[in-house]
Amino acid sequence: MEEAPPFALDEAAASTSLALLTLGLLFSLLLWSGLGVYLYQQRDAELTRVEEQLKRAGHAASSELEGQFSRLRALLAISEAALHTENAGVHALLGTLLHDRALAAKPLLLKRDGWAFAPDEPGIAQYFVGDRTCFRRQLDPARRGFCVGAPMIGPLSGEWEIPLVQPLAAAVGEFVALGVSLPQSPLLAQQDSLRPQPGGSISVLRDDGVLLTRAPPRPELIGRSLAGTQLYRERITRAPYGVAQSPGFVDGCTRCLHAFATVEGLPLIVVASINVDTALMSWRELALVLGLAALLVTLPVLVATLRYWRWYRRGGSQTERSAWLALQTQSIAEFGCWALYANTRVSPAAQRLPVALQQAILLGRIDDEDDEELGRLLLELRAAHRAETDFDGEYRLKDAGDNIRWLQVSARAQFDRHGRYVAQIGVAHDVTVAKQTELELRRLALHDNLTGVLNRRSLIEHAGAEMARAFRYARPLALIRLDLDHFKFINDRFGHGAGDRCLHAVAVACAACLRDQDRLGRIGGGEFAVVLPETGAAAAEAVAERMRREVRVLRPRADDGMHIELQLSAGVTERNADEASVEALFARAGRQLYRAKHTGRDRVCSS
Ligand SMILES: Nc1nc2c(ncn2[C@@H]2O[C@H](COP(=O)(O)OP(=O)(O)OP(=O)(O)O)[C@@H](O)[C@H]2O)c(=O)[nH]1
C-alpha cells in the first residue's frame, strides 16, 4: 500500500493558505489604498476649509479696518473744514477737531517746523515729529498727501499708536497738516476676536511691508519691515489678494497658510495666517486612528505574508515536494527512505525520524532489541542533521528472527537556492547479501581453503601485528610450528584425499586446543603454526604438547576403512627481550621443529 505523503494535508492546507493570503493581501491593498485616497481627500477638504476660514477672517478684519479708516478720514475732512472757518489759536483750533470716542483716536495738528500739537488733559501737549517720514512728507509740497505713519509709541499715551496724517489744503496759520493717532489696543482686540482658530494670526501691513499690528501681539515686530519675506516678495507684491503657503513671516513657522488682501482704498494689507501643522491637527488625529485601525485589521495578513515569504525563501513547497519525490524511491531503496525537514511547519510527521526505520522495526525487519547498533545509527543520523552535513554508514543489525541484516545508510543534506538547509534526505539499503558475499570473499582471501584456518600470508601478517604490539608493550609472545610426521607416506599410502582429510582433522583438533586470542594457520604442506599472544615458551610448550596428544588420538579412517595413525612434531619458541622481528621468531621455532624431527619425531622441542 502506498504511503501517503507526510505533508499531503499540509500541502492542501498550504494551497488554501496561499489563496487566503492572496485574498488577504488584496483586501489589505484595497483597504490601504482606499484609506490613502480618503485621507488625501480629507486633507484637501481640510485645507480648503482652512483657506476659507482664513479668507473670511482676513476679509472681516479688512472690512473693519476699511470702516474705521474711512470714519477717521471723514473726521479729518470735517475737522479741516472746521479749522478753516474758525481761524483761532491752537487751543481753539484743537478744540474744533473731532474726537472718535469709539477708537479713542486723538487729533493732532502739525506745524511747519515739525512740531505736533495735541489736546492733553489739561491743556495742550507739544512734541516733535518732524523726523518721522509720514510727518516730514507733509512739509514737502511735492510729496504731501494722506499717509499712514509707521507705528510709534504715543508720547502722551505711552502705547503703540498708528498716526494717520493728512495735509491741509491751505495752511491755517503755521499749521500745515492735521492727523489722528490711532491706538493699537482697540484694533488688536477686534483682530484677536477675528483671527482663525486654532493658533491663527492676523497681521496688518502697510503697503510698503511695515507691520502695523499683529494679533496675537508681537510688540518686538511692530514697525519692522517685512518686505524681505517670501510671502511679501513673491505674492503680496504681485496680486491684491490671494492664498499662499510659505514660511510664516512673523512667527517663524516653516509651513504656514496665508490669506492676504489689500484693504480697499487704503495702503494697507491684511494677512490672516495659520500654521498648516496646527490646522491639520484634527486631520492628523483622524489619520492616526484610521491608520491604526487598518493596521490592526491587516496585521495578521502581514504577519502571515512575512511567514509565508520566509518559508518560500527557504525553498517552500517545491523543496518539500522534491524531498517527497526522493521518498517515493523507497521501492528502489529496498529498505526505506526518510526526510528530516529543517522547516518543521510543513511535515511534523517526517520530523519524527526515521519513519522508515520505525516501520522496519514494526515489520520485524529490524529488531529494536539490538539497541547498541540501532542507537548508534540514530545518533549519527541526528548528528548529521544537526550539523547539516552528509552522512554515510554501515550497520550490522538483527531482524526479529535473529538473522544479521546489514544496512547501508546514506543521508544527504539538502540546501535551497539561497544555500539554506532544508532537509536531510536519507536512504537505507539492505545490503545483507552483498555484505555476506564480501565477508565470504574476505574470509577466503585470509583463510586456507582446505582447513579453514588462516593461510600462510595472513598468519604471517597476524604474527607481525602481534609482534609489534608485544614489542611496544614489552609483552610475551610465543610461536609454535607444527608438522605432520610422514605425511608424504600418508599421501602415498592412502591417497591425497585421505591426506586432505587428515590435514583438516589436524587443524580442527589443534584449533580446539587454543584460546580465542591464539591464531592457527597452515603455512604449507603438512605444516601449521600457532601465534600465542601473552604467552611464554613454557605455556606454549604445554599447548603444543596438548595438540600433539590430540592428534595422536585422532586416527581418521582411510578410504579402505583403515585407521590412519597421525603424529605431530612441534618446535616452540618465545619472543626474546627487545626482539621485534617475526622472521627470527619463525626461524627459531623452525630450528626447534627440525630438532624434533631429527630426534625421533612425535615430540615437542622448545628453545
Ligand atoms: N594431501 C595433501 N598433501 C599435500 C598437500 N600439500 C603438500 N602435500 C604433501 O605433503 C608432503 C610433504 O611432506 P613433508 O612434510 O615434506 O615430508 P614428510 O613426509 O611429512 O616427512 P617428515 O616431515 O620428515 O616427517 C608432500 O608429499 C606433499 O605432496 C595438500 O594440500 N594435501
Side-chain angles (χ1 to χ4, degrees), residues 439-464 478-514 518-532 537 540-574 582-607:
L439 289 176
E440 181 57 17
L441 285 173
R442 191 179 298 178
R443 197 190 64 76
L444 288 175
L446 296 178
H447 293 78
D448 175 48
N449 284 351
L450 186 61
T451 60
V453 299
L454 293 181
N455 61 24
R456 177 191 177 85
R457 187 169 58 87
S458 52
L459 182 83
I460 291 175
E461 267 175 24
H462 180 74
L479 182 76
I480 305 172
R481 285 183 72 164
L482 306 158
D483 192 69
L484 211 49
D485 294 335
H486 306 299
F487 188 41
K488 185 174 181 322
F489 169 77
I490 293 169
N491 270 328
D492 293 346
R493 167 71 181 81
F494 302 106
H496 266 70
D500 285 354
R501 285 200 300 280
C502 289
L503 285 175
H504 188 260
V506 167
V508 171
C510 289
C513 298
L514 300 174
D518 301 331
R519 283 285 175 281
L520 171 68
R522 183 176 166 223
I523 58 177
E527 190 177 346
F528 295 85
V530 185
V531 178
L532 302 102
E541 193 177 341
V543 174
E545 186 54 40
R546 195 161 61 241
M547 290 193 287
R548 188 191 66 77
R549 280 200 303 272
E550 290 296 323
V551 168
R552 277 298 293 261
V553 297
L554 278 178
R555 304 180 75 235
R557 281 183 188 279
D559 292 339
D560 56 7
M562 281 188 66
H563 285 289
I564 305 172
E565 300 291 339
L566 294 177
Q567 57 183 46
L568 202 60
S569 296
V572 177
T573 192
E574 67 176 351
V582 76
E583 287 80 16
L585 199 68
F586 269 87
R588 245 189 347 271
R591 283 197 290 277
Q592 294 307 316
L593 177 61
Y594 183 80
R595 189 152 73 90
K597 288 279 184 190
H598 287 86
T599 52
R601 296 190 175 83
D602 190 23
R603 68 193 58 210
V604 176
C605 285
S606 176
S607 61

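Side-chain atoms are counted along with the backbone in the values below, which use heavy atoms only and exclude waters and symmetry mates. Counting convention: from 1, in listed order, for ligands and their atoms alike.
Contact annotation: for D492 versus ligand 1, there are no heavy atoms closer than 4.0 Å. The proximity of R522 to ligand 1, defined as any non-hydrogen pair under 4.0 Å, is limited to the side chain. Residue contacts with ligand 1, taken as heavy atom pairs separated by less than 4.0 Å, do not involve E527 at all.
Considering backbone and side-chain atoms together, F487 places an N or O closer than 3.5 Å to an N or O of ligand 1. Where the criterion is an N or O separation shorter than 3.5 Å, residue side chain and backbone included, D485 fails it with respect to ligand 1.
Near L503, with a cut-off below 4.0 Å to any heavy atom, the atoms of ligand 1 are 30 (C), 31 (O), 32 (N). Residue D483 has at least one heavy-atom neighbour below 4.0 Å for each of these atoms of ligand 1: 15 (O), 23 (O). Listed by number with element, the atoms of ligand 1 under 4.0 Å from a non-hydrogen atom of L484 are 20 (O), 23 (O). If you number the atoms of ligand 1 from 1 as listed, the ones under 4.0 Å from a heavy atom of G525 come out as 6 (N), 7 (C). Of all atoms in ligand 1, numbered sequentially from 1 with element shown, those under 4.0 Å from a heavy atom of G499 are 1 (N). Counting atoms of ligand 1 from 1 in the listed order, those under 4.0 Å from a heavy atom of R601 are 22 (P), 24 (O), 25 (O).
The protein atom (non-hydrogen) at minimum distance from atom 22 (P) of ligand 1 is K597 NZ, 3.6 Å. Ranking protein heavy atoms by distance to atom 29 (O) of ligand 1, first place goes to H496 NE2, 4.1 Å. Nearest protein neighbour of atom 21 (O) of ligand 1, counting heavy atoms only, is H486 N, 4.0 Å. For atom 32 (N) of ligand 1, the nearest protein heavy atom (residue, atom name, distance) is D500 OD1, 2.7 Å. Counting protein heavy atoms only, atom 9 (C) of ligand 1 is closest to N491 ND2, 3.2 Å.
Using a 4.5 Å heavy-atom cutoff, the side chains of F528 and T451 are in contact. Looking only at side-chain heavy atoms (C-beta outward), H486 and Q567 come within less than 4.5 Å of each other. Using a 4.5 Å heavy-atom threshold, the side chains of E565 and R555 count as touching. Side-chain contact between C513 and E550 is present, with at least one heavy-atom pair separated by less than 4.5 Å. Contact check for I564 versus R501: no side-chain heavy atoms found under the 4.5 Å cut-off.
Using a 4.0 Å cut-off between charged side-chain N and carboxylate O, R548 and D485 make no salt bridge.
Here the closest heavy-atom approach between residue F494 and residue A558 is recorded as CD2-CB, 3.3 Å.
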For D448 and L459, run side-chain contact (heavy atoms from CB on, under 4.5 Å): C-alpha distance rounded to whole Å, both residues' side-chain angles, the deciding distance at 0.1 Å, then the answer.
-> CA-CA 10 Å; D448 175 48; L459 182 83; over 6 Å; no

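Per-atom contact check: atom 16 (O) of ligand 1 does not touch the protein, criterion being a heavy-atom distance below 4.0 Å.
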